[in-house]
Structures are given as structure tokens and as C-alpha cells.
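Within every chain, numbering begins at 1; the chains are lettered A, B, ... in the order of the sequence lines, protein sequences first and strands thereafter. All figures in this text were calculated on a predicted structure; none of them were measured in a lab.
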Amino acid sequence: MLTRPTTEQILLDLRDELLTTVDGAVESPPVKIAIQMMENVLRNCAERAAHEIAWMREEGDAMVAFAREVDQTLPGNSAVDSALGAFNSGRSESLHLDDVSATYSLAGHCFSAALEHAVAQNHVALHLKARSILDLRLEHENRIKGEWAFVGRA
Amino acid sequence: MLNPDEMPRRLGAFLTARAGQDATVVSYKPMIGGYSRLMARADIRWKDGRTETVVLRGDPPPGKAMMETDRDVEWALLQSLTQASSIPMAKALHYDGTGSELGTKCIVLEFVEGSSLQALLNTCDPAQGYGRHTFDLVDTMARVHRIDPNDVGSAIPRPTDWSSYIDTLIDRFRQAEAAHVESNPFLRYVAGWLQANKPAPLPLRLVHSDFQPANIMVDPSGDHLMIDWELAHIGDPREDIGYYAVYSASSGPSLIMSDPVAFLARYREQTGFSEEAVNLATLGYFSSLAAITVYAQVLGGAGAMARGLNAGILTTYTLNALTVGHSNFMAGCIPPAA
């Protein structure tokens, strides 16, 4: 397959075309706002296309490692055990996007159950560790979001 | 409303049937700025020579709405508030509750001369400050929260007590996560934190739920009129303070975060609520809690799109609002000391 230009580059080029060619030819205020929104979504998609598989893998590994640590430190929680069981039986090593996304979601359920258990047990170190994983996810989401505000709200 | 070319004829017939005299629509223009509903402005000439401008607020086509709310409920609430004269607002005039006349369920409202508070704020120089606008906004919020919940009658549900209401609201985080197409650890984390850190209660009041300057019209005399009541409910009034703090952090200027102490002091003065109930800690708490109403709607739209049941630029564009929500959840849920 052709990989260069990358999907990120193609989407950013589409965005430039939208702004330089299409936007200037449009006068309707509702359509101009829709163009601003499309510009933003194209930037979001470009950033996702460039990184999302790597980021889902990175976060997923951290989330499952956390759940296993909670399971070892505070054993016997049925929700954590059940989520880890579902992850182990449902995970996929495939790099196709749908498969990575499904595995990431299973990892998220493990993490949520483990986090709830750690917080309920007042385990401060695990609580803070979980927050650092949430911070990692948020950092990725913010890179996808970029500059953003509600356009056209006035 | 779905076909603007047809609307002058349809709206003319609709108004004629209700007013007992012929109405001619001399102009009809879709309006920008509304995210959840279709909006339009129409100029009317009546047979007796009077002219009038109205605003139409209708449902988007099926599968194109970024959030789903019920026009029947909104109409009932608007009627109650209009009749009670509880708060200055655009009068609710007519309703096509079936969509058979205007092409979609549609509320017809009085047009308000002036501009939105957001538009006025956009013209201010941040270095010079925002003058009277800050306290005007606080006072309008307090005025909403002073409304007697009895004024809205049975238009919207009435929770039985504060504690069970807050529990229900917190549970919406878990419900939103459970109903979504993928896991979302932020939601389960914040639900647990909110449950463990409940603040002092307040009396349940009318909550606008999308309290932000784009939903405040400022008339030529400077008076405020609240619009866009589709998410209004009876709840904890601090939801509106928290929501406004969250909203304005991403779509500024923020009239609260520049001096939250003064903002909250003015609010307490206008409502009579205590400092035990309205303070910086409860601002943080409700910044997390209040976001769930709009957040859940946006997340629902994203889930519907993932399932192939929804589409449109508003749905994809507002995905970023979920990230804004996550940032605020993390900021509001204070971690334990190491």
C-alpha cells in the first residue's frame, strides 16, 4: 500500500483546501460555521490517524498492569477478577483499528474496576497511580482536541 | 423547518390558524449559534397592518441531533414560566407539537431585540475588564435560582429530596458509562469521588442546566432574558455555577474564574445561601457534577454515531467537549495527599 503522504498529511491538506478554496467562496453564515467545525474535525482526525493505535496500546498496557497490581495488592475483588478474565479471553493482538479499540475498551473496564476498588479501600498510592494513568489518557485526548471552543456561539 | 423554502407558506398558515387573521411571512432566515435545535427568525405582517418578528425553535431531522431532548417538556416548561412571569424571558407563543404544520416539532417564541451576552462580552477588551457584565450575570443566575419551584407546576419532574437527587445525578455517570459503546474510566472514577465527598445540601430549585452567556439575551435597556430551557430541571442550584465555570473555561471569557471569591460572594448575597454551601470547594464539586447533564447528551450522540444511528458535523465536532469534561472532572476531583 501507499503510505506516503501519510493519512495525517492528507487530512491536513484537505483542511487547508477547505480553508483556502471552499471557505472563501462561501457567504452563508451557517455554512461558514460548518466549515470551521469541519476544519477542527479534520485536525482531530489527522492527530488520531497519526497516533491512536500507539496511544491505545500504551494506555491499555498501563491500565491492565494497574489492574493486575491492584489484584495482587488488594486481592479478592470480584469485579476486578471478572474484568481481567474478560480481558484475557477477549484481547486481540491484531493491529486493525477495530480490534485495537475493542481490546482497549476491555482494558478500560479492568482499570475502572481496579480503580474503584483501590479508592474504596483508601489505598492512596494506588489511587495516585491510577490518576497518573488518567492523566496520560487526558494528555492524548488534549493533543487530539488541540485548540477548541464552541464556534458560532454568540 | 427542515426545508426553509417551504417555511414562509407553512408558517403563514400556522400563524393564521391560531391568530384568527391572515399572517404573511415577509422574510424567513435560519439562525446560527444554536447547537442542539434548528433556529430561524421570521418577520410577519398581519392583515390588520401590524408587523411582528418571531423565532422558531425546532427539532433537527432524525439522526442529526447532537442531543435528544423533548420539545413537549420544553413547551410545557416555557408555558409555565411565561404564565408565572417568574423571570424575564422570550415569551412562548405557539407550538406545533406534531410537526405536521411546520415540518418538525417546533416552538414559536417572541423575538427579543438586542444581542446575546456572549456577543457583548466578545466586544470587550479583556485588559479593561468586563464592567457590569460579571455581576449582571451573577444576578441573572441568582434570579433563576430564586424562582419558586411551584411556578413550573408539573411541567418537569420534582425530586423528593436533595440527598436522593444527588445520588441519582451521580449515578448518571455510571449509567452513561454503562450505556456507551466503550469503557470510560473517567466516569466511574468521578462517580466514586463525588459519592465520597458530598457537600452540604441546598434547597432544590429550578436549574437552567445550560447557563452560559450565549443563552442570555440582553435587551436595549441592559436587562437579561434567559433563553434555551431545554435541559432545565429541578435540582441543586449550584449545578448552574459549576456548569458555567466549566463552560466558560473552554469558551471564554470566564467571568467566574477571574475572581471566583467575589463571584460566589455576590451569588450568596443575591440568593441568601450560606458560605457553608456556596464556596470554592462546592464550586469544584459542582464543576464536576453539573457537567454530566450535557456531557451525557454529547456522549450519547457519540455512541449513536458509533452504532450507525446518528451522523452530522455537530456530533463529531462536539466530541471535543467530552475531553473538556474529562479535564474538568480531574480538576474537580481533588486527589488524596501522598
ask   = For B:A337, is it the side chain, the backbone, both, or neither that has a heavy atom closer than 4.5 Å to a heavy atom of chain A?
value =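 The backbone, not the side chain.
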Got more than 12 heavy atoms from elsewhere within 6.0 Å of [atom1], [X]?
| X | atom1 | value |
| --- | --- | --- |
| A:D98 | CG | no |
| A:K32 | NZ | yes |
| B:K198 | NZ | yes |
| B:I334 | CD1 | no |

Heavy-atom pairs under 4.5 Å with chain A: which of [options] has the most?
| options | result |
| --- | --- |
| B:S327, B:P335, B:A338 | B:P335 |
| B:G192, B:S115, B:A321 | B:A321 |
| B:T316, B:L121, B:T323 | B:T323 |

inquiry  = Applying side chain to side chain contact (heavy atoms under 4.5 Å, CB included) to B:F186 and A:E141, what does each step give before you reach the verdict?
reply    = CA-CA 12 Å; B:F186 287 110; A:E141 288 190 10; 3.8 Å; yes
Side chain, backbone, both or neither: which part of [X] has a heavy atom under 4.5 Å from chain B?
| X | value |
| --- | --- |
| A:A120 | neither |
| A:L138 | both |
| A:L115 | side chain |
| A:N44 | side chain |

Spacing of [atom1] belonging to [X] relative to [atom2] belonging to [Y], to within rounding of 0.5 Å:
| X | Y | atom1 | atom2 | value |
| --- | --- | --- | --- | --- |
| B:I313 | A:I33 | CD1 | CD1 | 12.0 Å |
| A:E116 | B:W193 | CD | CH2 | 16.0 Å |
| B:R174 | A:S112 | CZ | OG | 11.0 Å |
| B:S183 | A:F111 | OG | CZ | 10.0 Å |
| A:R43 | B:N320 | CZ | CG | 8.5 Å |
| A:M37 | B:T315 | CE | OG1 | 10.5 Å |

inquiry  = Check the orientation of B:Y317 and A:W148. Use parallel for under 30°, tilted for 30 to 60°, and perpendicular for over 60°.
reply    =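 It falls in the tilted class, 30° to 60°.
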message = Are the side chains of A:K145 and B:L319 in contact, using a 4.5 Å heavy-atom criterion?
response =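 Sidechains of A:K145 and B:L319: no contact.
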Close side-chain approach of B:N184 to A:H109, heavy-atom, < 4.5 Å = no
Restricting to non-hydrogen atoms, name the atom on [X] and the atom on [Y] that form the minimum distance, rounded to 0.1 Å.
| X | Y | value |
| --- | --- | --- |
| B:P336 | A:V124 | CG-CG1, 4.0 Å |
| A:G108 | B:P185 | O-CG, 3.9 Å |
| B:S251 | A:F150 | OG-N, 3.1 Å |

ask   = Would A:R131 and B:C333 satisfy side chain to side chain contact (heavy atoms under 4.5 Å, CB included), going step by step from the backbone distance to the final call?
value = CA-CA 10 Å; A:R131 280 190 68 109; B:C333 297; 4.0 Å; yes
